[in-house]
Protein chains: 2
Amino acid sequence: MPREIDRRAARTRKALHEALLALMLRKGYEALSVQDIIDEADVGRSTFYAHYTGKEDLLRSGFRMLREELKEAQSAARAGAEASHDDPLGFSTAIFEHAARYADHYRTMIGGRGGAVTENEIRLILSEMVRQELPPTLHDEAIPRDFVVQFIVGAFLTTLNWWFERKPKLPPSQVDAMFRSLVLDGLSPLIGGDRRSVDSQAAKSR
Amino acid sequence: MPREIDRRAARTRKALHEALLALMLRKGYEALSVQDIIDEADVGRSTFYAHYTGKEDLLRSGFRMLREELKEAQSAARAGAEASHDDPLGFSTAIFEHAARYADHYRTMIGGRGGAVTENEIRLILSEMVRQELPPTLHDEAIPRDFVVQFIVGAFLTTLNWWFERKPKLPPSQVDAMFRSLVLDGLSPLIGGDRRSVDSQAAKSR
DNA sequence: GAAAAACCCGAACAAGCTGTCCATCATCAT
DNA sequence: ATGATGATGGACAGCTTGTTCGGGTTTTTC
């Protein structure tokens with residue numbers, strides 16, 4: 001049954017994806033040529049174009065697989081701890097642990113190595129995740145929900161990037177704690193002027 | 001005296017910079033070729049290479065000018081309102097107003113149109129500014145100062161990007177207020193669970 | 001096991017971009 | 001005005017890209 005994909009084709013595609021990953025870590029996506037990829041993968045020129053229309057097509061193909069996998073991880077994390085309501089941003093832990101496990105993949109995406117396409121893709125994926133986890137209503141209508149989503153996504157990318165560039169690699173739990181401290185409470189607790197009382201949203205001390 | 005630069009040279013460079021700016025807004029930096037630039041600027045091929053070693057050199061040259069100008073704006077803002085201590089992040093207003101005035105320039109840098117070089121440059125410039133304005137000591141030593149700086153810079157870029165993509169263009173003051181609300185106080189005031197006093201994740205015992 | 005189908009490979013091709021060279025010409029200082 | 005300076009445009013070889021084609025190999029199907 002030709003229902004399945006030919007083994008040779010599967011082998012070729014896998015080789016191309018691995019070559020792309022390795023080369024992106026070494027040189028970055030934009031500086032890459034198709035020649036480099038087929039040379040690294042040891043694949044003929046026409047073979048490459050028989051599978052993909054160019055290097056961007058190959059890159060996007062990889063993202064389709066990653067997106068599926070990340071959604072699974074999110075579902076699993078949500079099923080494991082259904083504290084979605086009393087613990088906002090609870091899914092951040094799962095993301096940082098996932099990033100620690102697939103550090104190479106994440107490194108190709110974060111920090112400018114991946115080019116504009118990669119940046120866009122990872123932003124879209126994270127945006128969708130955050131949008132699902134964020135409560136549907138916010139207490140302050142002056143701040144659009146859309147903006148809050150982008151803010152959180154940006155904080156994720158910033159944190160991941162800083163984490164990967166760090167010399168001694170911190171454990172995911174510690175990075176997660178720092179991330180949540182800044183995103184949830186802001187940096188008022190860190191600097192002198194705690195101007196929380198200025199706002200009408202007074203501190204509801206227990 | 002040929003102390004000053006030849007007028008012809010100045011004219012050529014200005015044309016090249018304007019062409020680069022226009023083309024970056026239209027096609028993005030990475031998709032640009034030297035051919036496109038000299039065609040847009042109506043300049044000969046060898047003329048281009050007589051001034052710059054390539055398109056990246058031209059891009060960086062533009063940044064040298066922008067950096068000077070931004071530092072001036074920062075100094076002016078600091079001189080105008082020397083509330084640097086009782087008003088943290090006070091310089092954010094100046095940045096958003098500057099961005100509103102030079103919207104085209106900023107648009108080329110934010111949102112992936114500028115490529116890796118641009119992203120790096122703007123991050124460096126903003127990092128230096130933030131580092132200067134941030135108090136030297138933080139109340140929580142568990143969070144590195146370096147990480148806080150990157151967090152703020154990322155928030156700036158996220159906010160600027162969201163602002164530019166927005167259909168009806170909001171005034172700088174409003175964007176600034178939203179930015180400061182999120183960065184200073186976090187999103188705890190926005191969502192239900194105000195878990196400020198909770199340090200350990202003992203969410204299950206409830 | 002054999003025929004048929006699908007796939008991989010290598011070479012060759014036009015088209016486009018890159019960086020450099022040199023002769024020409026406009027602009028500058030004297 | 002008149003050399004001297006240096007900006008200018010066009011032509012050049014070298015390289016990468018994306019496509020096409022025929023021959024050879026592996027896989028699937030019967």
Side-chain angles (χ1 to χ4, degrees), chain A residues 1-24 26-62 64-65 113-118, chain B residues 1-62 64-65 108 113-118:
Chain A
M1 293 131 38
R3 207 87 219 138
E4 308 295 333
I5 300 175
D6 201 311
R7 291 178 205 162
R8 293 169 295 179
R11 221 164 50 88
T12 297
R13 296 189 189 190
K14 187 176 174 184
L16 285 174
H17 274 118
E18 286 174 357
L20 178 65
L21 183 67
L23 287 175
M24 279 177 72
R26 206 183 307 156
K27 299 175 56 179
Y29 173 74
E30 298 290 352
L32 237 58
S33 68
V34 175
Q35 194 69 39
D36 294 329
I37 301 175
I38 66 179
D39 191 59
E40 171 86 14
D42 199 28
V43 158
R45 182 162 202 71
S46 54
T47 305
F48 176 90
Y49 285 105
H51 286 274
Y52 306 99
T53 68
K55 66 172 182 170
E56 181 170 328
D57 190 28
L58 171 62
L59 180 67
R60 287 192 194 276
S61 163
R64 274 193 288 274
M65 303 189 292
R113 261 174 291 260
V117 175
T118 303
Chain B
M1 291 295 258
R3 195 96 211 126
E4 307 297 333
I5 299 175
D6 201 313
R7 293 178 204 162
R8 296 169 293 178
R11 219 165 52 87
T12 298
R13 295 190 190 189
K14 187 176 174 186
L16 286 174
H17 274 118
E18 286 175 357
L20 177 66
L21 183 68
L23 287 174
M24 280 177 72
L25 280 174
R26 206 183 309 159
K27 299 175 57 178
Y29 174 75
E30 299 289 353
L32 236 59
S33 68
V34 175
Q35 193 69 38
D36 294 328
I37 301 175
I38 65 179
D39 189 58
E40 172 84 13
D42 199 28
V43 158
R45 181 158 207 76
S46 57
T47 305
F48 177 89
Y49 285 105
H51 287 276
Y52 306 100
T53 68
K55 65 171 183 170
E56 182 170 328
D57 191 27
L58 172 62
L59 181 67
R60 288 192 194 276
S61 163
R64 274 193 289 274
M65 302 190 294
T108 63
R113 263 174 291 260
V117 175
T118 303

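Lettering of chains follows the sequences in order, A, B, ..., and the numbering in each one begins at 1. Worth knowing before you read on, the calculation uses all heavy atoms, side chains too, and leaves out hydrogens, waters and symmetry mates.
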A:L20 side chain near A:L16 side chain, heavy-atom distance below 4.5 Å: no
Nearest-angstrom distance from the residue atom CZ of B:R13 to P of D:dA7: 8 Å
Listed partners of A:A9 passing side-chain contact (heavy atoms from CB on, under 4.5 Å), at least two apart: A:I5, A:D6, A:H51
Straight-line distance of B:L58 CG to B:I38 CD1, nearest 0.5 Å: 12.0 Å
Side-chain N or O of A:H51 closer than 4.0 Å to phosphate OP1/OP2 of C:dC7: no
For atom OH of A:Y52 and atom C1' of D:dT17, their distance in whole Å: 19 Å
Summary of salt bridge (Lys or Arg N to Asp or Glu O under 4.0 Å) pairs that have at least one residue in residues 43-57 of chain A, sequence neighbours excluded: A:E56-A:R60
Minimum heavy-atom distance between A:G114 and A:M24, given as atom pair plus value: CA-CE, 3.8 Å
Residue list, side-chain hydrogen bond (donor to acceptor under 3.5 Å, both in side chains) with A:R113, at least two apart or on another chain: none
Side-chain N,O (B:T47) to OP1/OP2 (D:dA7) below 4.0 Å: no
Between P of C:dA11 and CD1 of A:I38, the distance in whole Å: 12 Å
Ion pair A:R13/A:E18, N-O distance below 4.0 Å: no
Axial bend angle, the helix from C:dG1-D:dC30 to C:dT30-D:dA1: five-pair end segments, nearest 10°: 30°
Contact pattern, 5' to 3', of nucleotides 15-26 of chain C - B, S or - by protein heavy atom under 4.0 Å: --SBBBB----B
Spacing of A:D39 atom CG relative to C:dC9 atom C1', expressed in whole Å: 15 Å
Partner residues of B:K27 under the salt bridge (charged side-chain N to carboxylate O under 4.0 Å, His left out) criterion, sequence neighbours left out: B:D36
Integer-rounded Å distance: D:dT16 P and A:I37 CD1: 14 Å
